[in-house]
Amino acid sequence: MTPFGEAVRKLRERKGVTQKEMAAALDVTPSYLSALEHGKRGLPTFALLQRIAGYFNIIWDEAEELFMLARGSDPRVVIDTSGMEPHYTALANRLAGQFRFLDRDAVEALDAILERARKSG
């Protein structure tokens, strides 16, 4: 499940609606909505994000947070290392190959490293 999928599920549970009810209201199939919640589909369109925010009648700040979660929830990530030094490409490929085997502590440590790099760069 992606962060976006988890947020949609929580909103849906808070409103007390099923995936089938929500899908009908948004004019999408229940299987698409299920796949979106489980991270098996790519990012939703901006129009669908707006319909989701409207469906839940959420305030702007909460809608913006939902949109940010969507942008960071693409389950199929591509890292373009073209033009970079070879060890960058090697690291990206190694990470892609081993990512699913990392435990939570390792993922949190990598996340902290990336946050520090973002702040310093």
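Heavy-atom basis, side chains included; hydrogens, waters and symmetry copies ignored.
Separation of atoms CZ (R41) and OG (S34) is listed at 11.0 Å; rounding is to 0.5 Å.
Scanning both residues, L33 and A23, for their nearest heavy atoms gives CD2-N, 3.7 Å. Nearest heavy atom pair, residue T81 against residue A92, reads CG2-CB, 4.0 Å. Taking every heavy atom of both residues into account, A70 and L49 meet most closely at CB-CD2, 3.8 Å.
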Might you work through the side chain to side chain contact (heavy atoms under 4.5 Å, CB included) test for T2 and D74, ending with a clear yes or no?
CA-CA 8 Å; T2 65; D74 192 341; over 6 Å; no
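Side-chain atoms of L48 and Y32, non-hydrogen and from C-beta on, do get closer than 4.5 Å to each other. By the 4.5 Å heavy-atom criterion applied to side chains, T18 and M22 are not counted as neighbours. Under the 4.5 Å side-chain criterion, counting only non-hydrogen atoms from C-beta, L95 is in contact with L102. Here the side chains of E6 and L69 are not in contact, with every heavy-atom distance at 4.5 Å or above.
Atom CG of D27 has 12 or fewer neighbouring heavy atoms from other residues, nucleotides or ligands inside a 6.0 Å radius. Within 6.0 Å of atom CD in E65, 12 or fewer heavy atoms from other residues, nucleotides or ligands are found, so the atom counts as exposed in its surroundings.
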Review item, side-chain donor-acceptor pairs of residues 111-121, under 3.5 Å, at least two apart:
residue, atom, partner, partner atom, Å
E115, OE1, R118, NE, 3.4
E115, OE2, R118, NE, 3.3
E115, OE2, R118, NH2, 2.5
S120, OG, R116, O, 3.2
S120, OG, A117, O, 3.3

Sequence neighbours excluded and cut-off under 3.5 Å, please list the side-chain donor-acceptor pairs for residues 7-16, or say none.
residue, atom, partner, partner atom, Å
R9, NE, E37, OE1, 3.3
R9, NH2, H38, NE2, 3.2
R12, NE, E37, OE2, 2.8
R12, NH1, V17, O, 3.2
R12, NH2, E37, OE1, 3.1
R12, NH2, E37, OE2, 3.4
R14, NH2, E62, OE2, 3.0
K15, NZ, Y55, O, 2.6

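L43 and F4 fall into different hydrophobic clusters, where Ile, Leu, Val, Met, Phe, Trp and Tyr side chains are chained together by heavy-atom contacts under 4.5 Å. Note on M84: it does not cluster hydrophobically with I79, by side-chain heavy-atom contacts below 4.5 Å among ILVMFWY residues.
The ring pair (Phe, Tyr, Trp, His ring centres under 6.0 Å) analysis of residues 64-109, with sequence neighbours excluded, yields the pairs F46-F67.
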